[in-house]
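Below is one structure, written out as C-alpha cells; comments come after it.
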Protein chains: 2
Amino acid sequence: MRLTSYTNYALRTLMYAALAHPRLVRVQDVADAYGISRTHLVKCVHHLGMWGYLINQRGRNGGFRLAREPEEISVAEIVRRTEEGFGSPSCGDADTSVLRLVDAVQRAQAAFLAVLERYTIADMTENADALRPILGFDIGHAA
Amino acid sequence: MRLTSYTNYALRTLMYAALAHPRLVRVQDVADAYGISRTHLVKCVHHLGMWGYLINQRGRNGGFRLAREPEEISVAEIVRRTEEGFGSPSCGDADTSVLRLVDAVQRAQAAFLAVLERYTIADMTENADALRPILGFDIGHAA
DNA sequence: GCCGTATGCGTCTGACCAGTTACACCAATT
DNA sequence: AATTGGTGTAACTGGTCAGACGCATACGGC
C-alpha cells in the first residue's frame with residue numbers, strides 16, 4: 001500500500017514547477033533538488049508533458065513549465081494517471097462479483113482518492129517561503 | 001497504490017478458515033482453491049498463527065483454524081500487519097514537516113484504513129453459500 | 001543569412017533491488 | 001511410516017535508477 005516513487009516524483013516535479021511559475025525549469029534543477037538521477041526524472045517530465053500538465057521546450061534555454069494554473073491540478077488527478085493498476089487491486093479473477101473483499105478494497109481506494117481530490121498543487125506549495133530554500137531555489141544551499 | 005499479494009492471500013486465507021470454522025483446514029486446500037503455490041502460502045499462514053489469528057497444528061491430520069471469531073477480525077487490522085510501510089509512504093527525508101504532500105497522503109491513507117475498519121472477516125464471508133462452490137468446498141467445481 | 005557549437009529534452013540499454021513464486025528438504029504429530 | 005506445517009535457497013518479474021547517446025533549438029562568428 002505504498003505509492004510508487006514515480007508518483008512521488010511526478011507530484012514533486014509539479015510542485016517545483018509551480019514554485020517557479022511561469023518561469024522555465026530545467027530537469028537537472030529538479031533532479032538536484034531531490035537528489036535523484038536526471039535520466040530517471042526525464043521520463044516523468046516527458047509523460048507529464050504528454051498528459052498536458054507541463055509545456056516542454058527543447059533546445060538551448062529550454063526547460064518546462066506548468067501548462068495549467070496550480071489551483072486547477074488536483075493531487076488525485078496525478079495519482080490516477082501514474083498509478084495505473086488502480087481499478088483492479090487485489091485480484092484478477094472472474095469471481096470478483098462474489099468476493100466482497102474486492103468490493104471493500106475498492107471502497108477504501110475511493111476514499112483514498114476522495115481525500116486527495118480536495119488537494120491541489122497550489123495547496124502543496126502554499127508554504128512557498130519555507131519550501132524554496134529546501135529546494136535550493138533562490139539562495140544557494142551551501143552559501 | 002496496490003496492496004501486495006501477500007495481504008491478498010492473508011485475507012483470503014482467513015476467509016477460507018472462516019467458512020470452515022471451526023473445522024481444521026490444510027494449506028494445500030487453500031492453495032488449490034486460489035490456484036497458487038503452497039509454499040508461498042505456508043509463510044503467510046505461519047505469520048497469521050504467530051499474530052494470533054490462526055491456531056496451527058502440525059503433524060498428521062493437522063491444519064489450522066481461526067483463533068478468534070470472524071466478527072472480531074477487521075480487515076484493516078490485517079492490512080496494517082501485512083503492509084509494513086504504512087507510516088512513511090512517499091518520502092523518507094527529514095523535510096517532511098514542510099512538505100504538505102506527505103501530510104495529504106497520510107490523510108488519504110487514514111481514510112483508506114477507516115473504510116476497511118468497518119469490515120470484518122465475517123462480512124467478507126456473509127455470502128457463504130455463493131463462496132463455497134467457488135472455493136471447491138463442498139461440491140467439486142467440475143462435477 | 002548560414003553554419004558550427006552549446007545546451008536543453010528525449011530515447012535506448014542495462015544493472016540493481018524488492019516482491020513473488022517454486023523447489024527441495026526439515027520438523028513434528030499421529 | 002505417513003502426513004501435515006515449517007524453513008532455506010534459488011529463479012523469475014516488475015519497478016527503480018544510472019549512463020550513453022540521439023534529437024531539437026538557440027546563440028554567436030562569419
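Here is how names work: the chains are called A, B, and so on, in the same order as the sequence lines, proteins then strands, and each is numbered from 1.
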side-chain hydrogen bond (donor to acceptor under 3.5 Å, both in side chains) against A/Asn56, all qualifying residues, sequence neighbours excluded: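 Counting only residues at least two positions away or on another chain, A/Asn56 forms no side-chain hydrogen bond (donor to acceptor under 3.5 Å, both in side chains).
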Listed partners of A/Thr125 passing side-chain hydrogen bond (donor to acceptor under 3.5 Å, both in side chains), at least two apart: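 A/Thr125: no side-chain hydrogen bond (donor to acceptor under 3.5 Å, both in side chains) contacts found.
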Let's see if you can work this out: which of D/dA26, C/dT20, D/dA2 has an atom nearest to the side-chain heavy atoms of A/Asn61?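 Output: D/dA26.
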Give the nucleotide from the list D/dC17, C/dA22, C/dT20 with an atom nearest to the side chain of A/Ser37.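 Per side-chain heavy atoms of A/Ser37, the pick is D/dC17.
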Distance in angstrom units between [X] [atom1] and [N] [atom2], rounded:
X	N	atom1	atom2	answer
B/His40	D/dA11	NE2	C1'	15 Å
A/Leu48	C/dC9	CG	P	13 Å
A/Leu41	C/dG10	CG	P	11 Å
B/Tyr6	D/dT13	OH	P	23 Å
A/Ile55	C/dC9	CD1	P	15 Å
A/Leu3	D/dG14	CG	P	21 Å
B/Arg60	C/dT30	CZ	P	11 Å
A/Glu83	D/dT16	CD	C1'	13 Å

Does B/Arg12 qualify as a cation-pi partner of B/Tyr34, given the criterion of NZ or CZ under 6.0 Å from the six-membered ring centre and within 45 degrees of its axis?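 Here B/Arg12 passes the 6.0 Å and 45° test against B/Tyr34.
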I want to check one thing: is the phosphate of D/dC17, taken as OP1 and OP2, less than 4.0 Å away from some side-chain N or O of A/Tyr9?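 So the side chain of A/Tyr9 is within the cut-off, an N or O lying under 4.0 Å from OP1 or OP2 of D/dC17.
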Presence of A/Ser5 side-chain N/O under 4.0 Å of D/dT16 phosphate oxygens OP1/OP2: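 Result: yes.
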Looking only at atom types and distance, does a side-chain atom of B/Ser5 sit under 3.5 Å from a main-chain N or O of B/Asn8, one as donor and one as acceptor?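 It does not hold such a pair.
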Show me the protein contacts with nucleotides 5-8 of chain D, counting only N or O atoms at under 3.5 Å.
| unit_1 | atom_1 | unit_2 | atom_2 | d |
| --- | --- | --- | --- | --- |
| D/dG5 | OP1 | B/Val27 | N | 2.8 |
| D/dG6 | OP1 | B/Asn56 | ND2 | 3.3 |
| D/dG6 | OP2 | B/Asn56 | ND2 | 3.4 |
| D/dG6 | O4' | B/Arg58 | NH2 | 3.0 |
| D/dG6 | O6 | B/Arg38 | NH2 | 3.1 |
| D/dT7 | OP2 | B/His46 | NE2 | 2.7 |

Does a donor on one side chain sit under 3.5 Å from an acceptor on the other, for A/Tyr119 and B/Arg100?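 The criterion, which ignores hydrogens and geometry beyond distance, is not satisfied for B/Arg100 and A/Tyr119.
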Under a 3.5 Å threshold, yes or no: a donor from one side chain and an acceptor from the other, between B/Glu77 and B/Tyr53?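 A donor-acceptor contact under 3.5 Å links the two side chains.
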Indicate the atoms forming the closest heavy-atom contact of B/Leu54 with B/Ala17, along with that distance.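 Taking B/Leu54 first and B/Ala17 second, the nearest heavy atoms are CD2-CB, 4.3 Å.
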